[in-house]
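Protein chains get the first letters and strands the later ones, always in sequence-line order, with residue 1 at the start of each. Atoms considered below: every heavy atom in the structure, side chains included; atoms not considered: hydrogens, waters and symmetry mates.
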Amino acid sequence: MDDTPRHLNFLEQIVEADNAALKWGAWPNQTPKVHTRFPPEPNGYLHIGHAKSICLNFGLAKTYAGKFNLRFDDTNPAKEEQEYVDSIIRDVKWLGGDFDTGPHAGGLFYASNYFEQMYAFAVELVRKGLAYVCDLSAEEVSKNRGDTKSPAKSPHRDRSAAESLRLLDEMRHGKHAAGSKTLRAKIDLASPNFVLRDPVMYRIIHEHHHNTGDAWCIYPMYDWAHGLEDSIEGITHSICTLEFRVNRPLYDWFINAINKDRGPGSPWGEKIHHPQQIEFARLNLTYTVMSKRFLLRLVEEKRVKGWDDPRMPTIAGLRRRGYPAHAIRDFCDEIGVTTQESVIDVTRLENAVRNRLNATAPRVMAVLRPLKVTIENWPAGTVEELDCLNNPEDPALGSRKVPFSGTLFIERDDFMETAPKKFFRLAIGQEVRLRWAYFITATSVVKDPATGEIIEVRATYDPATRGGDSPDGRKVKGTLHWVSAPHAVPLEVRLFDRLFNAEEPGARTGDQLDDLNPHSLEVLTAMGERSLSTAKVGDTVQFERMGYFRADEDTTPGKPVFNRTVTLKDTWAKVAAKA
RNA sequence: UGGGGUAUGGUGUAACGGUAGCACGACUGACUCUGACUCAGUUAGUCUAGGUUCAAAUCCUAGUACCCCAACCA
């Protein structure tokens, strides 16, 4: 029995209160209605910040037996593209935001499919005297915006409804140049909240739209469109980020304006649904830039290899790097949701990835920076097939045969001629275990006469320790991973460091690019165990002691390419750094 | 400066006038055929100053700090 009180976040508290009051009515099966949505603009790829929103919105639908929509807020053809639509659908599905399958599927929608309805609402507002066509240019509007002391000026706001209607019709039918006219809401030119100083509802944009083609040349602004989209879809809780707090009065004003004089028997029709906008704090991560605009810049200036570069904080990038969707969901659960801005340490994300992968990833051996080891007393020409567990965390996953011979590779970092205190790895005279194999003791080294670099270690093995245990109960402090040289599979391995050197990129100079880490990518040729020769794109494994890796899309038959998803925690690195 | 927000250990998050709790990190130690995992323990917090109250993170007053708005972006 679990009697620990479950802490509801503030959104869940709101939903539960609403449900208790049946504020939004009920589904046909009597459960209180909860209907959320994720409303991206298709002007870039989704990133980890969007994942928080997706988890939040889908999570609410899931825990309260509601529905979840994916809706493209595609109201600006100048910035939006079909490629982004496609990528967003892929990413949302991958994250588990089941908008079109399963019990919480609300559906896939496009704001642009509501343009005709929105236009009708706009005409209604003009007729009601609540909107008018304005001839001011963007620059003039800005100049006439007023300030904290003085109200805005808008010379055309008293234009007759009939004239506005005529002009609006002309705007719609392409009679006017881009930017020459707008439709504005007649609200309050003196409002201390500038958002309410007669905001623009429609602007003229003569551009091709990815969904509506050339059907329209006027496009609705966010504030005008968004509440209508939510209303049309029957959204109950319209969840957005904190910066929209000041827009909320406008969100409500537009819906109330439409509902003015509506009701039973009204010529305008019935009242439309009025969802509730709720704001939460967006995700910020250390060492990470989340703005779509900046990520686009990284792509366009080729600072990274694309939106799905494994160093990018995009969902596509994280997926390619090897972050499991489940780990991203775990992370979103762990960080919670509030109305206070915060910056989450990226290591939290990395830890969620480690936790998930530790439980699921098969173990294999690969040597990233090979150092040759010759076993002096190994019977020449002999090869043994040794049993290695695929995942000691889960013995049910079985074992595999790994070849062992007299010539091996070990990690360069796993050998020192003379071991300092606490160095439990291989050194002259020091015995270690080769994982699943034998105990070996280093006897001497071979150095490059020119550079002095160690190019080979010579060692002896104890035949009695086959499998990795000594019958006399002898203990060793260290266990090393290894690969038999004649059987080794060359691997291209891509190691990633953070994309930015600064915890808050751009804080010093104002330009995030100034904190770009020039060494964020390191490519190595590693040596993998035989089983890696058949690696397939998407395979996720742990290279024992070296971290979690995923076979990249660039993998071709016989030429595996692995991305390091994340390292293992490395206590030794800390100890060594201190010394 | 006008308007709108937010302040709890290093980080994140609970408390809804009644014992400041949890998670992550860090640090100790145990265990270990991955210096991983796991386990045990330690660490450290209510922005400031007043006030109300038997009792304040919570209510009141005055400050302070930070964020958002003043695009025909969303």
Side-chain angles (χ1 to χ4, degrees), chain A residues 4-9 13 39-41 43 73-76 78-79 134 136-142 145-150 152 178-184 191-197 199-205 218-219 221-223 225-226 240-249 279 281 286 292-293 334-345 347-348 351-352 354-355 358-359 363 365 388-389 392-393 422-425 432-437 439 465 467-469 475-481 542-548 567-576:
Chain A
T4 55
R6 188 169 165 249
H7 294 137
L8 302 179
N9 65 46
Q13 290 182 23
E41 181 186 17
N43 66 344
D73 200 7
D74 52 354
T75 57
N76 187 353
K79 295 187 172 180
C134 174
L136 257 31
S137 70
E139 204 182 322
E140 290 167 326
V141 169
S142 175
R145 182 68 68 185
D147 55 36
T148 55
K149 299 263 191 322
S150 51
S180 62
K181 285 185 168 31
T182 57
L183 183 71
R184 290 228 255 164
S191 174
N193 182 355
F194 280 64
V195 164
L196 297 175
R197 316 256 264 216
V200 170
M201 296 165 64
Y202 278 100
R203 76 287 214 196
I204 301 170
I205 303 175
I218 58 172
Y219 290 90
M221 295 284 292
Y222 168 85
D223 289 302
H226 205 86
C240 62
T241 45
L242 247 30
E243 67 268 26
F244 291 103
R245 182 57 243 266
V246 293
N247 299 58
R248 192 162 81 204
E279 309 85 18
T286 56
K292 274 202 263 183
R293 205 188 126 275
E334 285 163 15
I335 59 175
V337 48
T338 64
T339 57
Q340 12 181 326
E341 298 238 11
S342 61
V343 183
I344 310 282
D345 195 324
T347 59
R348 291 286 290 262
N351 280 327
R354 285 192 187 98
N355 286 154
N358 178 50
R363 316 283 129 125
M365 292 191 285
C388 302
L389 286 180
E393 298 280 313
K422 294 210 181 160
F423 184 81
F424 303 146
R425 307 176 184 185
V432 298
R433 169 170 40 234
L434 295 180
R435 180 140 235 224
W436 311 120
F439 287 9
T465 57
D469 283 304
K475 296 288 184 195
V476 288
K477 295 288 269 279
T479 300
L480 311 185
H481 60 286
Q542 182 193 115
F543 289 173
E544 293 212 48
R545 304 206 304 138
M546 302 311 288
Y548 297 97
T567 60
L568 261 32
K569 265 218 297 209
D570 189 352
T571 311
W572 166 245
K574 271 188 234 168
V575 174

Could you give the distance separating [M] and [N] at their [atom1] atoms, to the nearest angstrom?
{"N": "B/rG9", "M": "B/rA49", "atom1": "P", "answer": "16 Å"}
{"N": "B/rA40", "M": "B/rA23", "atom1": "P", "answer": "10 Å"}
{"N": "B/rA56", "M": "B/rU19", "atom1": "P", "answer": "11 Å"}
{"N": "B/rG41", "M": "B/rC24", "atom1": "P", "answer": "13 Å"}
{"N": "B/rC59", "M": "B/rU8", "atom1": "P", "answer": "15 Å"}
{"N": "B/rG45", "M": "B/rA15", "atom1": "C1'", "answer": "14 Å"}
{"N": "B/rU1", "M": "B/rU64", "atom1": "P", "answer": "8 Å"}
{"N": "B/rG5", "M": "B/rU11", "atom1": "P", "answer": "26 Å"}

Decide ring pair (Phe, Tyr, Trp, His ring centres under 6.0 Å) for A/F543 and A/Y548; before the verdict, give the C-alpha distance in whole Å, the side-chain angles of both, and the deciding distance to 0.1 Å. CA-CA 6 Å; A/F543 289 173; A/Y548 297 97; 10.0 Å; no

May I have the distance from A/D570 (atom CG) to B/rG35 (atom C1'), rounded to whole angstrom? 7 Å

Roughly, in whole Å, what's the span from CG in A/L389 to P in B/rA36?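 One finds 19 Å between P of B/rA36 and CG of A/L389, rounded.
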
Report yes if a side-chain nitrogen or oxygen of [X] is closer than 4.0 Å to either non-bridging phosphate oxygen (OP1 or OP2) of [N]; otherwise report no.
{"X": "A/R184", "N": "B/rC72", "result": "no"}
{"X": "A/R197", "N": "B/rA70", "result": "no"}
{"X": "A/T479", "N": "B/rG35", "result": "no"}
{"X": "A/T338", "N": "B/rU13", "result": "yes"}

Within the 4.0 Å heavy-atom criterion, would you say [X] contacts the bases, only the backbone, or no part of the nucleic acid?
{"X": "A/T571", "result": "sugar-phosphate"}
{"X": "A/F439", "result": "nothing"}
{"X": "A/F244", "result": "base"}

Against the side chain of A/E393, the closest entry in B/rA36, B/rA71, B/rG35 is B/rA36

Can you check ring pair (Phe, Tyr, Trp, His ring centres under 6.0 Å) on A/W572 and A/F423, steps first, answer last? CA-CA 9 Å; A/W572 166 245; A/F423 184 81; 5.7 Å; yes

Between A/N351 and A/R348, do the side chains contain a donor N or O and an acceptor N or O under 3.5 Å apart?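 Per modelled atom types, A/R348 and A/N351 side chains form no pair under 3.5 Å.
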
Do A/S137 and A/E140 have side-chain atoms, one donor and one acceptor, less than 3.5 Å apart? yes

One character per nucleotide, please: for nucleotides 18-29 of chain B, 5' to 3', B when the base has a protein heavy atom closer than 4.0 Å, S when only the sugar-phosphate does, - otherwise. ------SSSS--

Before accepting this row, confirm whether a basic side-chain N of the pair A/K79/A/E41 lies closer than 4.0 Å to the acidic partner's carboxylate O. no

Under 3.5 Å, which protein N or O atoms sit close to an N or O of nucleotides 3-6 of chain B? Give each pair with its distance.
unit_1	atom_1	unit_2	atom_2	d
B/rG5	OP1	A/R245	NH1	2.7
B/rG5	O5'	A/R245	NH1	3.2

